[in-house]
Amino acid sequence: MAMDATEIERMIKEALPDAQVEIRDLAGDGNHYAANVVSPSFKGKTRIQQHQIVYAALKGNMGGVLHALALQTAAE
Amino acid sequence: MASVHEQIDNEVKTNDVVLFMKGTPQFPQCGFSSQVVQILEYLGVPYKSVNVLESADMRQGVKDYTNWPTVPQLYVKGEFVGGCDIVREMFQSGELTTHMTTAGIPAKQVAQA
């Protein structure tokens, strides 16, 4: 099972319309990606909360279909 | 027998530093888990490790416990600190050492890059 980068980006942007999303494929197996997500809606939130917002956007795929997503988030 | 939630709750409340990981510090079964092990060992922080692969309930339970979908998970004084990304980011910035020492746990200073 795997996901492709455009699918991950689409899901994150669906939940965070104002986000800038950059996805890098780490292993070419559809299972290991790095994502950089910048969104003003992260302002005032802890890193953990920011990452949880992104995981929620992926609607349960994180940790299941998608094995690894090295995540970096920022408010601006 | 205590529920998985109670087991996890007990682990994080009775040990200062707990790392839920895949495998053991000697034989980590996942690159991300082994990265956090190396960070904790570099800092010289004493910690309790829990191998979530030993039980499917534990593996799912730890994700439900703190609404975090992946392992490894690091807890300090009962508080969820983060997974591999956050722990590495905090380590590189020196924030992890500050977090530990503020919580009264001895940890080596990190030379700033």
Side-chain angles (χ1 to χ4, degrees), chain A residues 1-3 5 7-12 14-16 19-39 41-76, chain B residues 4 8 12 18-23 28-36 38-39 52-53 55-100 102-103:
Chain A
M1 292 292 289
M3 282 182 84
E7 176 74 0
I8 296 169
E9 187 169 346
R10 186 189 61 72
M11 290 182 92
I12 295 173
E14 204 175 87
L16 295 164
Q20 290 153 32
V21 182
E22 183 207 318
I23 311 274
R24 277 181 297 113
D25 188 339
L26 296 178
D29 60 3
N31 241 321
H32 297 75
Y33 290 96
N36 199 330
V37 183
V38 178
S39 165
S41 63
F42 285 154
K43 208 177 214 49
K45 294 203 167 55
T46 65
R47 272 195 206 92
I48 289 173
Q49 289 164 332
Q50 293 175 20
H51 287 214
Q52 282 174 324
I53 291 166
V54 176
Y55 289 146
L58 295 173
K59 299 192 174 75
N61 285 305
M62 188 61 232
V65 168
L66 183 55
H67 176 67
L69 181 67
L71 204 46
Q72 281 207 299
T73 55
E76 71 246 315
Chain B
V4 166
I8 296 167
V12 303
V18 185
L19 175 63
F20 291 88
M21 63 178 290
K22 289 178 181 170
Q29 305 289 311
C30 149
F32 299 111
S33 291
S34 108
Q35 269 183 51
V36 177
Q38 282 160 28
I39 287 171
V52 302
L53 298 181
S55 106
D57 288 348
M58 176 63 82
R59 185 173 184 172
Q60 186 52 46
V62 78
K63 295 175 184 176
D64 299 336
Y65 181 78
T66 194
N67 183 28
W68 190 262
T70 57
V71 168
Q73 293 186 15
L74 181 66
Y75 292 77
V76 173
K77 294 269 175 147
E79 189 204 330
F80 177 57
V81 173
C84 183
D85 299 333
I86 290 177
V87 169
R88 191 181 52 242
E89 220 173 286
M90 289 174 72
F91 169 65
Q92 286 162 349
S93 68
E95 196 184 334
L96 191 58
T97 299
T98 317
H99 189 89
M100 295 288 186
T102 316

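Just so we're on the same page: letters track the sequence lines, and every chain starts at 1.
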*Scan residues 59-74 of chain A for pairs that pass salt bridge (charged side-chain N to carboxylate O under 4.0 Å, His left out), counting only residues two or more places apart or in two chains.*
A:Glu14-A:Lys59
Give every donor-acceptor pair under 3.5 Å between a side-chain atom in residues 67-74 of chain A and any protein atom, sequence neighbours left out.
{"residue": "A:Thr73", "atom": "OG1", "partner": "A:Gln50", "partner atom": "OE1", "Å": "2.6"}

Could you tell me the separation between the [atom1] atom of [X] and the [atom2] atom of [Y], rounded to the nearest 0.5 Å?
X       : Y       : atom1 : atom2 : value
B:Glu95 : B:Met90 : CD    : CE    : 4.5 Å
B:Ser93 : B:Glu89 : OG    : CD    : 7.5 Å
A:Tyr33 : A:Asp25 : OH    : CG    : 4.5 Å

*Under 4.5 Å, heavy atom to heavy atom, which residues of residues 42-49 of chain A contact chain B?*
A:Arg47, A:Ile48
Name each donor-acceptor pair under 3.5 Å that joins a side chain in residues 69-80 of chain B to protein atoms two or more places apart or in another chain, with its distance.
{"residue": "B:Thr70", "atom": "OG1", "partner": "B:Trp68", "partner atom": "NE1", "Å": "3.3"}
{"residue": "B:Gln73", "atom": "OE1", "partner": "B:Tyr75", "partner atom": "OH", "Å": "2.8"}
{"residue": "B:Gln73", "atom": "NE2", "partner": "B:Val62", "partner atom": "O", "Å": "3.4"}
{"residue": "B:Gln73", "atom": "NE2", "partner": "B:Trp68", "partner atom": "O", "Å": "3.3"}
{"residue": "B:Gln73", "atom": "NE2", "partner": "B:Thr70", "partner atom": "O", "Å": "3.0"}
{"residue": "B:Lys77", "atom": "NZ", "partner": "B:Ala103", "partner atom": "O", "Å": "3.2"}

